[in-house]
Amino acid sequence: MTMMGSGMGPSVMRSMRRDESVIKERLSPGTVRRIAGYARPYGGQIIAFLALVVLAAVVVVANPLLMKAIFDEGIRPGRVDVVVWLAVAIAGLAMVDAALGLVQRWYSARIGEGLIYDLRTEVFDHVQRMPVAFFMRAQTGALVSRLNTDVIGAQRALTSTLSSVVSNVISLLLVLGTMLVLSWQITLVALALLPVFVLPAKWVGRRMSRLTREQMQLDAEMSSVMTERFNVSGALVAKLYGRPDDEASNFSDRAARVRDVGVIVAMYGTVFRIGLGLVAALATALVYGAGGVMVIGGAFELGTLIALSALLMRLYGPLTALSNVHVDVMTALVSFDRVFEVLDLKPMVAERPDATAVPDGPVSVEFEDVSFAYPAASEVSLASLESVARPDNGQAHQVLDGVSFTVEPGRMVALVGHSGAGKTTITSLVSRLYDVSGGAVLINGLDVRAARFDSLRDTVGVVTQDAHLFHDTIGGNLRYARSEATDEEIWEALRAAQIGELVEALPEGLDTVVGDRGYRLSGGEKQRLALARLLLKAPRVVVLDEATAHLDSESEAAVQRALKRALAGRTSLVIAHRLSTIREADEILVVQDGRIAERGRHEELLARGRIYAELYRTQFSETSDET
């Protein structure tokens, strides 16, 4: 038997690869109390799990004592019956140990996977309720890491770390106590070798933790390169502008560094394991040498020496594991703390407890002296979730100032103006992607801040310039608007959106997968699918944010026909890039520097000869030049 065979190896190696810098982290107040709250539903299972851990630790000591009895009570006196029964007892103990291991693993899995489920679902639900400003700043990879790496790290606090601490403490106390009872002299001899093992192990552990941290960073960088190059947008840029040889060389350099660090880590691990074996051999030789002399001198029986030798193999493992227990515990606690950090970030846009539904009937939209400034980073995100975190101490930039207008039921109001004037911000306030800084946005007389989220989402439908489609089927993307929609209703929406014939011509029809972000479709087809999704939702208010921008003439014509169907009888607020598309608007608002600079119908604004007329002439001139 070796130390590695006594359960020493894998758990100790994992512990030694922990990043010791974690112990410098400051935990938020109440972290341990909150962890206890998550553990409470599993209280009975945790108690049963720890009881099994204690029983397994007792078995560790029982086996060497049975070996001692075989030699002293059976073999030496020549009692065959005792030898047989004790051998059967050792075999039975091995079966009990195996059964304990299986049941212990079952409880560990139940507790651990249950906790992962609880944390993941809570974090996912919380994050997807955050305002859009949060996602504009937070790095997607960092959020995914909180749902994966940190949640799993937190889970280990209630399984691996807890069981390791309890098991090692119980094992150490039982082994050390038993050895002292059998022979305090041999126990002191064994402990004298402890520094020979622990001190080099600590040095190797520090080196391995630094290398492991570097390895994880290099792996993350390499994964980032692959993610950027392998998604559709990145692949297009790489194909159009990339240099394959340079890309391959760059990736090869990164992969080579990962390889080199991996070799070094593997060698340190091998040195560590060889060192364990060497110390085990030295300790065994010392114990057999000193103990053999004592047996010959009559100090104790041969069975005692055998038991001491077996117990020795179970002494260094718990001692070494417990020497790093503060790192293991802090690693688990910090993982919990990082998860709680996300959960404690309160959404700036939240539903009021007394929120009500948007009143039924035809809908009006009213802006009453609305002002708005985008929130600071500290209000919507966490520095640890941003790829490049910078202090944000400046004053918030005012985007809208004193904006007032009304869209009567069933009428269309168009927003025009230069880029950055505040048009998209105005439309974002209608669907409450942000909350106003001053004034109010009313739908049917109800402040959107007092409306229930589900009612507001059912009332307002939005189609943006970049219509996003999930990597799903056409049917799956459309049913995202209304999950209970039938195939007949979906086909009706597709035909109304002027794309029904195209989908019918596809071999798989509604089951056609659109690809990542809908890249298997053209821009016009994506826009018409987005309109079909809106028509399936059937909102009473339609917001269009440059839905026809960047489309070719044929696609624009098809989208325009779909828009007429989508806007018919609905209250609509439209941002128009091409002014020719909003000539029939009931009112046109010219937005400049966050204010309504002009308002009126197309002919009226042209006749005034001010901002709108200049925009129209400039665009008409550009169109003429292109033709």
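None of these values were measured; they are calculated from a predicted model. This chain uses plain numbering: 1 for the first residue, then up along the sequence.
- The shortest non-hydrogen separation linking A597 to I611 is CB-CD1, 3.7 Å.
- G461 and P539 get closest at one heavy-atom pair: N-CB, 3.4 Å.
- Closest approach of V513 and H471 over heavy atoms only: CG1-CE1, 4.1 Å.
- In terms of modelled atom types and a separation under 3.5 Å, the side chain of K423 and the main chain of V574 share no donor-acceptor contact.
- When atom types are taken as modelled, the side chain of E351 and the backbone of F453 share a donor-acceptor pair closer than 3.5 angstrom.
- Judged by distance alone, with hydrogens and angles left aside, the side-chain atoms of K526 form no donor-acceptor pair with the main-chain N or O of L469 at under 3.5 Å.
- In terms of modelled atom types and a separation under 3.5 Å, the side chain of S404 and the main chain of D369 share a donor-acceptor contact.
- Judged purely by atom type and a 3.5 angstrom limit, D447 has no side-chain atom pairing as donor or acceptor with the backbone of A440.
- Looking at every heavy atom in both residues, A585 comes nearest to A414 through CB-CB, 4.0 Å.
- Counted within 6.0 Å of CZ on F405, heavy atoms from surrounding residues, nucleotides or ligands total more than 12; the atom is thus considered enclosed.
- Ring orientation note: the planes of H602 and Y612 are nearly perpendicular, at an angle over 60° on the 30°/60° scale.
- Of the residues listed (L605, V403, I596), the one engaging L589 in a side-chain contact (heavy atoms from CB on, under 4.5 Å) is I596, and it is the only one.
- Between the side chain of S455 and the main chain of V358, a donor-acceptor pair closer than 3.5 Å is present.
- L494 has its side chain within reach of L478: a pair of non-hydrogen atoms, C-beta onward, lies under 4.5 Å apart.
- For the pair R540 (side chain) and P362 (backbone), a donor-acceptor distance under 3.5 Å is absent.
- Nearest heavy-atom pair across D511 and T473 is O-CG2, 3.4 Å.
- Because its NZ or CZ atom is both nearer than 6.0 Å to the ring centre of F340 and within 45° of the ring axis, R34 counts as a cation-pi partner of that residue.
- The backbone N or O of V363 lies less than 3.5 Å from a partner atom in the side chain of T571, making a donor-acceptor pair.
- For T121, the side-chain contact (heavy atoms from CB on, under 4.5 Å) partners two or more places apart in sequence, or in a different chain, are Y117.
- Rounding to the nearest 0.5 Å places CG of D487 at 13.0 Å from CD of E492.
- Remark: the backbone N or O of R110 is not paired with any side-chain donor or acceptor of E113 at under 3.5 angstrom.
- With rounding to the nearest 0.5 angstrom, the CG atom of L343 is 7.5 Å from the CG atom of L119.
- Rounding to the nearest 0.5 angstrom, the gap separating the CG atom in N477 from the CZ atom in F470 is 7.0 Å.
- The nearest pair of heavy atoms linking I588 to R601 is CD1-C, 4.3 Å.
- R352 has no carboxylate O lying under 4.0 Å from a charged side-chain N of D354, or vice versa, which leaves the two without a salt bridge.
- Residues passing the side-chain contact (heavy atoms from CB on, under 4.5 Å) test with T425, sequence neighbours excluded: F372, Y374, V399, L400.
- To the nearest 0.5 Å, the span separating CZ on R533 from CZ on R479 amounts to 14.0 Å.
- Between the side chains of T424 and D545, at least one donor-acceptor pair of N or O atoms lies under 3.5 Å.
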